[in-house]
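Below is one structure, written out as structure tokens; comments come after it.
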2 protein chains.
Amino acid sequence: MGYTNLRYKPSKKDLVCLFRIEPNHREHVPYGKAAEMIAGESSIGTWTDVKTMNPRIRRMGAKVFEMRGSWVKIAYPQELFEEGNMPQILSSVAGNIFGMRALNKLRLEDIKWPEKIMKSFRGPKFGIPGIRKLLKVTGRPLVGTIVKPKVGLGPKQHAKVAYRAWVGGCDVVKDDENLTSQGFNGFEKRVKETLKARLRAEGKTGEKKVYMPNVTAETKEMIKRARFVKRNGGRYIMVDIVTTGWAGLQTLRDRDLNLVIHAHRAGHAAFTRGEHGISMLVVADIARLIGVDQIHIGTVVGKMVGEKGEVEHIEDEIEKSFVKKGRHTLEENWKDVKPVLAVCSGGLHPGLVPKLIEIMGRNIVVQAGGGIHGHPKGTEAGARAMRQALDSVMEGVPLDKYAEKHEELRIALKKWGKV
Amino acid sequence: MGYTNLRYKPSKKDLVCLFRIEPNHREHVPYGKAAEMIAGESSIGTWTDVKTMNPRIRRMGAKVFEMRGSWVKIAYPQELFEEGNMPQILSSVAGNIFGMRALNKLRLEDIKWPEKIMKSFRGPKFGIPGIRKLLKVTGRPLVGTIVKPKVGLGPKQHAKVAYRAWVGGCDVVKDDENLTSQGFNGFEKRVKETLKARLRAEGKTGEKKVYMPNVTAETKEMIKRARFVKRNGGRYIMVDIVTTGWAGLQTLRDRDLNLVIHAHRAGHAAFTRGEHGISMLVVADIARLIGVDQIHIGTVVGKMVGEKGEVEHIEDEIEKSFVKKGRHTLEENWKDVKPVLAVCSGGLHPGLVPKLIEIMGRNIVVQAGGGIHGHPKGTEAGARAMRQALDSVMEGVPLDKYAEKHEELRIALKKWGKV
């Protein structure tokens, strides 16, 4: 078919994908043939030659331009894609190819966007600088919590837990991923109560606080909920980007409601975790392009999977303006697309904070649910312990030593230990 | 934590999930513990006890009620979920759990919907009876094609290829998954030209014909395109449900535009193919609930993966009104939710048709791209060959024998063989 040209240098008008492949051994498919088939199926080809092909279309074919073991790079002319249409782009480069018999495994590892495509999406409205400005917090990580239990509290109880967390020291309080608008806790009531509690907490602490209501729903309802948040003085919303899907996320961003968008990623690990599927790096990459302001990227040290190297790569991809080519990652020049704030969440507690900051740096949200509300003295003490852990790092004092003079931290370390 | 009760019988108010699990051997997690952790994380729990828990909420916890080797059934009280909000439901039962370190592998195999949740979604508007009525075709499978090459043809060429396919004998012509509205083939121009060609083809053949334009895009744009199709006399649209996402699909269905919705599934195999992720059965199940009218489910015999048993289960799930419990599937009573037409597509050609119909029955769309446009005599002959293959089955004549008197079929069998 002729989709391979190892002397080809991708131009600025190409979208480049890095794949990791394992051909079907049983059917003795060689690597080169497998790569060809991917390039064909994801651009202009199918399993057999067709009579309706012509030379102009043939020139639009994708090109396999690099092969190193199982790592394959393919360049796609940008005219294959519709600008501003993420579902279309993914139906091409992350579509049928995952189901091909010719492959045992295929993983889309990274995407490099051509400038024209990059400009056709909005990117983050706030990003790291906007969030820091809104919260008036510079230099240190933000501290966040998820109201727990995940679901079940009523609106008033929910607001009360949020208040305790803010007063204890959290900057950010969010809903959990499976709380939207159920019978026990309707969306509008909860948002009103919790935003009222936020005002009280701001008054009491003199700090800026934010609440992220979970607007995840069918698109129209989601937009309605986001508008409700705005009308009621909210500054932030959260959305489950994977279960909502890219079309809905784009719509939410396109409304440009001047709300910070927090991206939860529930469900991503169904396809990011193994050797077949799409990397979390690609998910984060797409989320930045469409324009979320902060996104969960893992913790390295908590209850969820996520290797150190991988999580660091993701942080680079979402925070840097120029991402250098890595061994298994592509270069990306984000130019004026704002950096996205990395949220580290999943099984965190105060004892993990120094290690987390050592690995991830200070441009993160240290977010804990159980690690705050599970504190033996309750939510407020839990938030205080977490903030103390953070302060210990900022002041350069070892955690144990800091705990000597800070009771909440001491209790937390006693319960959960440290690394 | 107490999420296991092997004597529990799920009630009609429970949503039931069937999971296949492989606990983390390195960390010596036993099956029972792994199942508990799934039930907790997907309902009300987290990795540690929290002080904000109370007995009322504890009763909302999911229950592990059956464990057979690696197969685990969990019942969720319906009040955990928001009616009519598929992203929320999936953020619960197909969310964080995929990323837990306590598991090596986790696959959501099937979901049984409680009546209240089932009623909160629209289900198909047309389904099999509506489609058959629209096309005035009874008793035989429909024959469909995808315009090929996948992308690159201009609107007029596209319409011409569609015309040839219809005149040759196709009932259905669709866009390919990566064709939406690119520079070389704008959506509106293509839809106008192709719908005009459809009228001409109907005049020439005396048969009803349909064209499925691909409306996949950001939600608002997608609705705009669907309305355009309707205004221009179209009866059908197609959408890539996985890359679009559930929020967008719900919005499209909720608009109730009286257009048949064809669901393409590009990208599903990123998470349906391995032992970790979500089964295609679940994807098809959700698509029926939300309300697509037809959906790709595989071919068993073509270029894509998909085992015989699995594809048959999926067909049962989308076409039957009462689905009996299988060894590795749950019972489902769909009541008045209409049956969805199964589309078999991916590497099909005339030589595979008898086997395909033997396995899948007659309530299918036999859809071929390369297997029609790759015919040595071109698209029209390719469509004719495919229709002839279908006729041979309907008339009970062996393919080879039928080919003796049908040149197009003979040429196709010579090129691609048969099974």
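Below, read A as the first sequence line, B as the second, and so on, with proteins coming before strands; counting in each chain starts at 1.
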Q: Determine the minimum heavy-atom distance between B:V50 and A:G370, stating which atoms define it.
A: CG1-CA, 3.9 Å
**Q.** From NZ (B:K148) to CE (A:M53), nearest 0.5 Å
**A.** 10.0 Å
Q.
Does any backbone or side-chain atom of B:R253 lie under 4.5 Å from a heavy atom of chain A? Answer side chain, backbone, both or neither.
A. neither
Q. Among A:P376, A:G382, A:G378, who wins on heavy-atom pairs under 4.5 Å with chain B?
A. A:P376
Q: Return the option, out of A:K377, A:Q250, A:E218, with the maximum number of heavy-atom pairs under 4.5 Å with chain B.
A: A:E218
Q: Measure distances from A:H264 to the heavy atoms of chain B and classify the residue's part below 4.5 Å as side chain, backbone, both or neither.
A: side chain
Q) Which pair of heavy atoms, one from B:G152 and one from A:I57, lies closest together, and at what distance? A) C-CD1, 3.6 Å
Q) Is it the backbone or the side chain of A:T272 that comes under 4.5 Å from a heavy atom of chain B, or both, or neither? A) neither
Q. Between the main-chain N or O of B:N178 and the side-chain N or O of A:Q88, is there a donor-acceptor pair closer than 3.5 Å?
A. yes
Q: Please check if the side chain of A:T251 supplies one atom and the backbone of B:T219 the other of a donor-acceptor pair under 3.5 Å.
A: yes
Q. Looking only at atom types and distance, does a side-chain atom of B:H276 sit under 3.5 Å from a main-chain N or O of A:A269, one as donor and one as acceptor?
A. yes
**Q.** Proximity breakdown for B:N104 and chain A, heavy-atom pairs closer than 4.5 Å
**A.** backbone
Q) Any side-chain heavy-atom pair from B:P87 and A:D240 closer than 4.5 angstrom? A) no
Q) So which part of A:L153 gets closer than 4.5 Å to some heavy atom of chain B, the side chain, the backbone, both or neither? A) both
Q: Any chance you could measure B:L103, atom CG, to A:R273, atom CZ, to the nearest 0.5 Å?
A: 6.5 Å
**Q.** Top contributor to chain B contacts, counting heavy-atom pairs under 4.5 Å, from A:G245, A:G183, A:A266
**A.** A:A266
Q. In terms of heavy-atom pairs under 4.5 Å with chain A, which of B:N54, B:T52, B:L90 leads?
A. B:T52
Q) Looking only at heavy atoms, what is the nearest atom pair of A:L80 and B:V151, with distance? A) CD2-CG2, 3.5 Å
Q) Given a strict heavy-atom distance threshold of 4.5 Å, which part of A:K160 is in contact with chain B: side chain, backbone, both, or neither? A) neither
(Q) Quick check for you: among B:G371, B:S42, B:S181, B:G277, which has the greatest number of heavy-atom pairs under 4.5 Å with chain A? (A) B:S181
Q. At a heavy-atom separation under 4.5 Å, does A:R164 approach chain B through its side chain, its backbone, both, or neither?
A. neither
Q) What closest approach, in Å, do B:A247 and A:A217 show between heavy atoms, and which atom pair accounts for it? A) CB-O, 3.4 Å
Q) Based on non-hydrogen pairs under 4.5 Å, which of B:G95, B:G248, B:G84, B:A94 is most in contact with chain A? A) B:G95
Q) So which part of A:Q157 gets closer than 4.5 Å to some heavy atom of chain B, the side chain, the backbone, both or neither? A) side chain
Q) Which atom pair, heavy atoms only, marks the closest approach of B:K150 to A:S43? A) CD-O, 3.6 Å
Q: Would you give the length of the straight line joining atom CG of B:D176 to atom CD1 of A:I44, rounded to the nearest 0.5 angstrom?
A: 12.0 Å
Q.
Tell me whether A:R225 is salt-bridged to B:E82, with the criterion being a basic N under 4.0 Å from an acidic carboxylate O.
A. yes
Q) Relative to chain A, which segment of B:R56 carries a heavy atom at a distance below 4.5 Å: side chain, backbone, both, or neither? A) side chain
**Q.** Euclidean distance, B:D254 CG relative to A:K220 NZ, rounded to 0.5 Å
**A.** 8.0 Å
Q) Going from CG on A:L179 to OG on B:S91, what distance comes out if it is rounded to the nearest 0.5 angstrom? A) 11.0 Å
Q | Of B:H349, B:K415, B:H375, the residue whose pairing with A:T48 passes side chain to side chain contact (heavy atoms under 4.5 Å, CB included) | A | B:K415
Q. OG1/A:T180 to CD1/B:I89 distance, rounded to the nearest 0.5 angstrom?
A. 9.0 Å
Q. Which heavy atom of A:F184 sits nearest a heavy atom of B:E79, and at what distance?
A. CE2-O, 3.3 Å
